Amino acid sequence: MAVYTVHEPPLRAADPVPDPERFLFVRDGFYFWAFLLTPLWMLWHRIWLLLIIYALIAAGVENAMYYVGAGTGSIILVQLIISLLIGIEAGTLRRFALARRGWKNIGIVTGHELEDIERRFFDKWISAEGGERAARVTGSRGSPPPLPPMPQ
């Protein structure tokens with residue numbers, strides 16, 4: 001069963017309410033492409049700051065190991081371990097980058113397929129929005145106040 005976090009983008013100037021089509025679902029777990037092609041994965045997801053940090057750390061570790069006299073095999077092994085850590089924490093890195101850009105984490109959803117997860121989230125989100133609309137109209141959470149009795 002997959003666990004996803006749901007992120008709402010910052011509101012645009014013309015939008016008074018969030019646009020559900022722009023919501024982003026970020027899976028928690030191992031990202032194979034982040035492990036295999038770390039810099040390209042970071043470019044694809046526009047994680048510029050982390051890409052720079054990754055490049056500096058990878059280059060620093062490689063140079064430090066070279067000057068210590070480590071062999072090529074051990075340098076490659078350490079670089080693979082760094083990439084493995086990126087693959088394991090890729091979801092967290094994406095959530096961090098989204099938070100820096102002003103996106104809000106608005107929920108956590110679990111399920112087997114992304115389509116079911118989206119449906120489950122939006123069903124809850126729509127029902128919660130309906131409750132908030134009722135609260136705005138009545139001044140309290142829940143159902144609207146009862147109607148006055150009909151004159152006979």
Side-chain angles (χ1 to χ4, degrees), residues 1-65 73-147:
M1 184 169 302
V3 177
Y4 284 79
T5 55
V6 185
H7 300 270
E8 176 186 325
L11 290 177
R12 295 177 178 164
D15 293 339
V17 294
D19 180 11
E21 290 186 13
R22 294 183 57 221
F23 285 4
L24 185 62
F25 290 77
V26 178
R27 182 178 50 85
D28 194 28
F30 184 76
Y31 283 72
F32 178 74
W33 293 112
F35 162 68
L36 191 62
L37 303 169
T38 303
L40 294 177
W41 181 85
M42 289 180 178
L43 283 172
W44 179 261
H45 291 288
R46 293 189 229 151
I47 307 176
W48 313 117
L49 179 62
L50 293 174
L51 175 63
I52 292 168
I53 292 169
Y54 165 77
L56 290 174
I57 289 174
V61 166
E62 185 173 338
N63 285 330
M65 290 185 70
S74 60
I75 293 173
I76 291 172
L77 179 65
V78 169
Q79 294 293 354
L80 280 174
I81 290 171
I82 292 172
S83 290
L84 179 66
L85 290 173
I86 297 290
I88 292 170
E89 293 298 328
T92 304
L93 296 173
R94 282 193 70 195
R95 285 188 282 277
F96 171 75
L98 290 171
R100 286 193 73 243
R101 290 187 215 136
W103 290 60
K104 290 188 296 188
N105 184 342
I106 57 171
I108 299 173
V109 188
T110 61
H112 293 289
E113 294 182 16
L114 183 58
E115 184 177 312
D116 296 332
I117 289 169
E118 289 174 344
R119 186 176 323 112
R120 181 180 298 158
F121 170 77
F122 284 118
D123 286 344
K124 278 184 154 180
W125 187 69
I126 289 170
S127 66
E129 283 291 313
E132 285 182 18
R133 278 189 222 110
R136 277 186 245 132
V137 171
T138 64
S140 67
R141 198 98 166 118
S143 61
L147 295 172

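Numbers here simply count residues along the sequence, with the first being 1. Everything quoted here is computed from the prediction, not taken from an experiment.
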Among residues two or more places apart or on two chains, list those pairs meeting side-chain hydrogen bond (donor to acceptor under 3.5 Å, both in side chains) that have a residue in residues 54-63. none
Side chain to side chain contact (heavy atoms under 4.5 Å, CB included) between Met42 and Ile86, intermediate numbers included: CA-CA 10 Å; Met42 289 180 178; Ile86 297 290; 3.9 Å; yes
Counterpart residues, side chain to side chain contact (heavy atoms under 4.5 Å, CB included), relative to Leu98 (two or more places apart): His7, Leu24, Val26, Arg101, Trp103
Does Leu77 have any side chain to side chain contact (heavy atoms under 4.5 Å, CB included) partners at least two apart in sequence or in another chain, and if so, which? Ile81
Tell me if the aromatic rings of Tyr4 and Phe121 count as close, with their centers under 6.0 Å from one another. no
Atom pair CD1 (Ile47) and CD1 (Ile53), whose distance is rounded to the nearest 0.5 Å: 11.0 Å
Separation between CD (Glu89) and CG (Leu84), nearest 0.5 Å, reads 10.5 Å
Sequence neighbours excluded, which residues qualify as salt bridge (charged side-chain N to carboxylate O under 4.0 Å, His left out) partners of Glu21? none
Please report the interatomic distance OG1(Thr38) to CG(Leu50), rounded to the nearest 0.5 Å. 12.0 Å
Go through the structure and list residues passing ring-ring contact (aromatic ring centres under 6.0 Å, His included) with His45, not counting sequence neighbours. Trp41
Sequence-distant partners of Leu80, side chain to side chain contact (heavy atoms under 4.5 Å, CB included), two or more places apart: Phe35, Ile76
Between Ala90 and Ala34 the two heavy atoms that sit nearest each other are CB-CB, 3.7 Å
Could you list the residues that satisfy side-chain hydrogen bond (donor to acceptor under 3.5 Å, both in side chains) with Arg120, not counting sequence neighbours? none
State which residues pass side chain to side chain contact (heavy atoms under 4.5 Å, CB included) with Val78; sequence neighbours excluded, sorted by chain then number. Val61, Met65, Ile82
Non-neighbouring partners of Arg22 that pass salt bridge (charged side-chain N to carboxylate O under 4.0 Å, His left out), sequence neighbours left out: none
How many angstroms lie between CZ in Phe25 and CD1 in Ile117, if you round to the nearest 0.5 Å? 8.0 Å
Separation between CH2 (Trp44) and CG (Leu51), nearest 0.5 Å, reads 15.5 Å
Might you confirm whether atom CH2 of Trp48 has over 12 heavy atoms from other residues, nucleotides or ligands at distances under 6.0 Å? yes
Restricting to salt bridge (charged side-chain N to carboxylate O under 4.0 Å, His left out), what partner residues turn up for Glu118, sequence neighbours left out? none
Between Pro9 and Phe23, what is the shortest heavy-atom contact and its length? CD-CD1, 3.9 Å
Residue pairs involving residues 27-53 (criterion salt bridge (Lys or Arg N to Asp or Glu O under 4.0 Å); sequence neighbours excluded): Asp28-Arg95
